[in-house]
2 protein chains.
Amino acid sequence: MPNLKDVAKKAGLSINTVSRVLNNRGYISEKTREKVYRVMKEMNYQPNEMARALFRKRSNMIGLIIPTISHPFFAELTYYLEYYADHKGYKLLLCNSNRNVSKEVEYIEMLKKNQVDAIIMGSAVLDVQHYLHLDLPIVSFDRVISEDIPVVTSNNLEGGKLAARLLINKGCLHPVFIFRGIDGPQHRSMLAGQRRQGYEAEVESAGMEPLQLQLDAEGSKHIENNAAIIAYFQEHPEIDGVFASSDVIAAEVIHACYLLKKDIPSEIKIVGYDDVQIASLISPRLSTVRQPIQEMSDSIIQLVVKQIEGKEVSMVNTFPVTLVERGTT
Amino acid sequence: MPNLKDVAKKAGLSINTVSRVLNNRGYISEKTREKVYRVMKEMNYQPNEMARALFRKRSNMIGLIIPTISHPFFAELTYYLEYYADHKGYKLLLCNSNRNVSKEVEYIEMLKKNQVDAIIMGSAVLDVQHYLHLDLPIVSFDRVISEDIPVVTSNNLEGGKLAARLLINKGCLHPVFIFRGIDGPQHRSMLAGQRRQGYEAEVESAGMEPLQLQLDAEGSKHIENNAAIIAYFQEHPEIDGVFASSDVIAAEVIHACYLLKKDIPSEIKIVGYDDVQIASLISPRLSTVRQPIQEMSDSIIQLVVKQIEGKEVSMVNTFPVTLVERGTT
């Protein structure tokens with residue numbers, strides 16, 4: 001079977017030039033390009049997977065798969081992803097998976113067919129092998145898929161510790177961690193689960209018992225979540241602190257306290273996670289662990305573009321989190 | 001000048017076959033397709049506008065231009081737009097314009113180059129003529145661009161009336177309309193401005209004086225908006241009702257009341273607009289005018305697809321709004 005060298009020899013060009021044609025990189029005259037393609041065809045040259053991927057014309061489109069754009073965290077992340085992608089000449093194709101496995105498979109197939117240049121995977125619910133045969137650059141958000149796929153995340157373990165430490169320092173004796181199903185132990189590969197581990201480590205080291213309340217994984221059933229939180233508070237009147245795994249959940253906790261007439265922060269203190277817009281909108285304003293959404297989005301796009309350009313990338317990109325103290329602690 | 005019939009004759013094919021090549025419809029062998037293109041080139045055949053549009057391969061992509069995906073209203077609208085677009089086999093290319101004129105021009109040029117099949121315009125800040133020469137199906141959201149471009153909106157006038165009537169019926173004597181610059185009188189073509197007109201009509205017919213407070217048009221400066229609202233309440237201690245032009249602004253009003261220790265709803269009543277997630281998350285839960293975001297999104301996608309398929313569409317599509325009473329009134 002002919003290889004790249006044979007093609008170069010027959011075309012009377014350097015290997016470097018043929019490679020540049022395949023890579024679609026640097027200036028190549030139309031004449032040279034046509035010659036390379038003609039010779040490859042004549043020799044029935046079969047480029048390998050890598051060469052085939054490079055062979056494709058770039059679409060300058062990036063597929064973005066997230067659980068749902070209607071969640072404030074993903075809305076803000078997507079806002080910045082679009083900003084940085086546009087800056088680099090790329091457009092975003094938006095896909096809401098609702099963390100549905102078959103929807104995610106469909107989207108991946110659709111994106112491949114549409115020849116996006118890369119996929120940003122913010123909703124990785126499939127088994128690892130689905131991503132390994134994609135033949136496309138991927139950047140994963142908040143989940144380690146494999147050693148070959150770069151991941152962008154924030155320091156969730158430290159975030160959990162910061163939140164628990166703030167509650168303890170403010171005098172809480174019975175702080176509870178409230179989270180949705182998706183952040184729970186059954187999704188170990190989701191890095192957000194480390195928030196819980198950070199909370200537990202900090203609470204245990206203060207000689208207290210870690211407590212947890214798991215809400216339904218569904219995103220929009222505020223009324224049910226609220227009933228669950230109220231029931232928990234009624235069964236456990238000693239609870240004097242809450243670390244919520246997102247600002248949206250923290251808002252639900254604040255509403256439960258409002259209905260139970262528990263004063264915030266004198267009777268109960270609350271810390272959220274993310275620092276999205278809602279944290280600065282609700283009353284009292286929410287103390288929270290801030291993820292640097294803008295910087296993380298910038299990094300995701302840089303990792304996408306570097307991979308498309310065949311450059312080396314760092315595989316694990318963990319961003320620091322910071323504690324933002326407001327009215328709930 | 002040669003026409004389709006001449007091309008078919010010279011190529012030795014039926015008019016139907018040539019038409020199918022132009023329409024990119026049904027199975028056509030690569031050989032036939034090439035022959036048609038070659039003959040058209042030889043004869044210097046100039047397809048008319050319609051034929052040219054059909055000539056283009058469909059991309060099954062729709063460009064979506066909105067002010068910003070980070071605003072809860074547009075996040076929910078986009079969620080449903082993507083849902084219905086996906087259902088019809090279309091993908092959304094997301095563009096955040098930040099209501100910036102040059103950004104909007106850039107996006108339109110980019111979308112044309114990428115041969116999207118249509119544009120959904122949720123951020124129309126340009127002069128009308130920019131949209132008229134697009135040679136692409138457009139659906140406008142909340143702004144009448146021209147008689148030829150279908151618009152989807154909700155009954156903003158009725159929404160303003162419903163909000164004002166609720167405040168008046170609950171006993172408010174000095175209800176104020178609080179809005180952002182973009183909803184104000186200087187943007188008459190934005191249909192959201194009719195919310196103010198509805199409020200004014202209702203307040204005047206009750207023999208009261210319409211009052212208004214205009215906030216900065218910037219979306220994210222909650223602290224400045226809050227200072228403006230607090231200052232207004234301090235200057236006007238008689239204010240006992242607020243109609244906010246969005247739920248996000250209503251949340252800012254609630255926070256101002258929290259800081260001023262004004263009890264809601266006994267001392268002041270508040271009505272928002274949109275009924276996005278935040279209305280059900282804040283405490284007390286927000287009474288608001290509900291826009292049927294899901295139904296409007298469905299309609300937008302239907303109007304897009306009908307236009308792509310060359311079908312007739314209705315030009316003004318106004319959806320009814322409903323009053324949702326919760327804890328703030």
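The shown structure was predicted, so the numbers you read here are calculated from the model rather than taken from an experiment. The chains referred to below are lettered A, B, ... by the order of the sequence lines, with proteins before strands, and numbering in each begins at 1.
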K.L.:
So for B/F74, is it side chain, backbone, both, or neither that comes closer than 4.5 Å to the heavy atoms of chain A?
P.N.:
neither
K.L.:
Only pairs at least two apart or in different chains count here, so list each ring pair (Phe, Tyr, Trp, His ring centres under 6.0 Å) that has a residue in residues 249-282 of chain B.
P.N.:
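Listed by first then second residue: B/H255-B/Y258.
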K.L.:
For a quick test of reading the model, state the closest non-hydrogen atom pair linking A/L281 to B/I278 and the distance between them.
P.N.:
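Looks like CD1-CD1, 3.3 Å.
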K.L.:
A/A256: which residues meet the side-chain contact (heavy atoms from CB on, under 4.5 Å) condition with it, sequence neighbours left out?
P.N.:
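Partners of A/A256 under the side-chain contact (heavy atoms from CB on, under 4.5 Å) test: A/N226, A/I229, A/I230, A/F233.
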K.L.:
Say you draw a straight line from CG of B/L94 to OG1 of A/T78; how long is it, rounded to the nearest 0.5 Å?
P.N.:
7.5 Å
K.L.:
Do B/L93 and A/M61 touch side chain to side chain, with heavy atoms closer than 4.5 Å?
P.N.:
yes
K.L.:
Can you tell me which of B/S283, B/P72, B/G63 forms the most heavy-atom pairs within a distance under 4.5 Å of chain A?
P.N.:
B/S283
K.L.:
So which of A/G327, A/C257, A/A75 has the largest heavy-atom pair count under 4.5 angstrom toward chain B?
P.N.:
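The residue among A/G327, A/C257, A/A75 with the greatest pair count is A/A75.
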K.L.:
Name the option with the most non-hydrogen atom pairs under 4.5 Å to chain B; the candidates are A/L111, A/V276, A/T68.
P.N.:
A/T68
K.L.:
Of all the heavy-atom pairs spanning A/I282 and B/I282, show the shortest one and how long it is.
P.N.:
CG2-CG2, 3.4 Å
K.L.:
Which members of residues 79-90 of chain A, sorted by number, sit under 4.5 angstrom from chain B on a heavy-atom basis?
P.N.:
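Those residues of residues 79-90 of chain A which have a heavy atom under 4.5 Å from chain B are A/Y79, A/E82, A/D86.
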K.L.:
Taking side chain as everything from C-beta outward and backbone as N, CA, C, O, which of these in B/N98 sits under 4.5 Å from a heavy atom of chain A? Side chain, backbone, both or neither.
P.N.:
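The answer is the side chain of B/N98.
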K.L.:
Using a heavy-atom cutoff of under 4.5 Å, enumerate the residues of residues 289-302 of chain B that contact chain A, numbered in order, or state 'none'.
P.N.:
none
K.L.:
At their closest point, which heavy atom of B/S70 faces which heavy atom of A/E76, and how far apart are they?
P.N.:
CB-CG, 4.2 Å
